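The structure under discussion appears below in the form of structure tokens.
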Number of protein chains: 2
Amino acid sequence: MSKPIDDIVDNPAEQRDDRVQPDIDKTLSGQTTIALREAIIKGQIAPGEKLNEPTLAEQFQVSRGPLREAIRRLVAMRLVRHVPHVGASVVTLELDDIMELYDVREALEGKAAALAAENMSEHDIAKLKELLEVHRLHSENNAGEYMQTEGDFDFHYQIIKGSGNRLLTDQLCDELYHLIRMFRFQTSRFKSRSNRALIEHDQLIYAIEQRDPQLAEILMRKHIARAKASIRDTLTKPATENQ
Amino acid sequence: MSKPIDDIVDNPAEQRDDRVQPDIDKTLSGQTTIALREAIIKGQIAPGEKLNEPTLAEQFQVSRGPLREAIRRLVAMRLVRHVPHVGASVVTLELDDIMELYDVREALEGKAAALAAENMSEHDIAKLKELLEVHRLHSENNAGEYMQTEGDFDFHYQIIKGSGNRLLTDQLCDELYHLIRMFRFQTSRFKSRSNRALIEHDQLIYAIEQRDPQLAEILMRKHIARAKASIRDTLTKPATENQ
DNA sequence: GAGCTCTTGATTGTCAACAATTTGGTCTAC
DNA sequence: GTAGACCAAATTGTTGACAATCAAGAGCTC
């Protein structure tokens, strides 16, 4: 009974990525892509910093070829900007960029929730409910820490996959997902919405269970819109007011 | 009075792309990207066909380096699939893929219309209205031929740009836009929706003019959903029934 | 001293050769 | 005759060297 959710909960973020692109790291450029991506997301390479090809190639122990390819993939992923004959640099996520990102997220994940209500299998819905229960326990024990990060990602991830739309899944999980991860690494100081998120997730599951696409979409959009508003409030006010 | 719209109407599709990425063709790999992209979209390289690197490099008169880079960009654009150590091949757009594409389009362009209703300048709205009038005249004179192709793109393009969301604009105009172009080149036989599209565009402009985001979003989503349904009907029925 | 031009250094873009992997065919064993 | 292993050709992945372009600083002119 508890087995089926173990393989969801116990997986860290990296492992989850590999399931989406299982053979990207068989090649050198694939490994470099992941390594460089994580270095950027975790801030080991600062936002706005220039990506010097010879230096990074030395650093990752590869030639400039695979490194350039990795950079190009991160450009497509919008983690890196590139200007011809000038070079590549890590994107700087201003507040405006995050707001734009969350508007796109609202549109895409809203549709994903609607499609999930239509297409998700009963088995996957059951798994989702168990997942939420695990998160609820974690939240009670660890004062809401877990829910904010990987737990929230897991939940949204499962719903997106449940939409059955591969294009939608790729766009959200392979591209925008990493941008959000990068943002969260940069600003880990915004107000916890753990309890509220749990309630909203609860309602969302109910809508999916009832096979109500419109309600599921509305709930997901409001959920993301509130997260967006929360971020804006936190980042526009001085940091001292948030205690 | 007629000047401001000339620079919209008289531009072919290629020129419009260059405005989005003005300096992509300064470099060899950029030129190769565009050339290969157009060859794929226009069907000069058949769907499913393998992209042989030495052959294509010879064909485009470049080395394998820039060609590989072009391929990678088209992979990010979802026009090409790539399997490590096996190679790249042109995507095959099945009906399911188009349906998925239009679901994503519905979500993104719906949000774009809502944002356009909020953010579009009065000047841009006026230009949009003039653009629609030009299309109406073209449609009356040429029996609805123009509207189906570039005219429709122009209209949607302006609204997307009017959203003011750069991420949204990039995703739609730089990536999904080319997938739709490819699909239209492959199947140019589906039922004309010219008159209906004109009416729906009319209503959409009205909603934007009234600064009504919710209505604009609903109208745009219905507009795209109807186009999706029309495509499904045409492609699932035998071709002889469409006359 | 300010502004311009030229030059130099560094960095990116491109190329051609080398290495590694896959695929298709052939041969052998059962 | 079929299944499996092995071999060879073709293709992709990778490398290091070369060419083109840009940015910064020195020197010169006004």
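In the text below, chain A, chain B and the rest are named by the order of the sequence lines, each starting its count at 1. Remember, it's a predicted structure, so these values are computed and weren't measured experimentally.
- Taking each heavy atom of Ile160(A) and Thr169(A) in turn, the nearest pair found is O-OG1, 3.6 Å.
- Lys50(A) and Gly87(A) make their closest contact through CE-CA, 4.3 Å (heavy atoms, listed as atom of the first residue, atom of the second, distance).
- The heavy-atom pair separating Ile40(B) from Leu79(B) by the smallest distance is CG2-O, 4.4 Å.
- Separating the CD atom in Gln59(A) from the CG atom in Leu67(A) is a distance of 9.5 Å, to the nearest 0.5 Å.
- Within the model, atoms CE of Met77(A) and OH of Tyr177(A) stand 12.0 Å from one another, a figure rounded to the nearest 0.5 Å.
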Each nucleotide of nucleotides 5-14 of chain D classed B (base within 4.0 Å of a protein heavy atom), S (only sugar-phosphate) or -, in 5' to 3' order, makes ------SBBB
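- Annotation: cation-pi pair Arg232(B)/Tyr102(B) absent, no NZ/CZ under 6.0 Å from the ring centroid and within 45° of its normal.
- Think of the region where chain A sits on DNA chain C: with heavy atoms and a 4.0 Å cut, that region ends 5' and 3' at dT11(C) to dT14(C).
- Residues Leu179(A) and Leu93(A) come closest through the heavy atom pair O-CD1, 3.9 Å.
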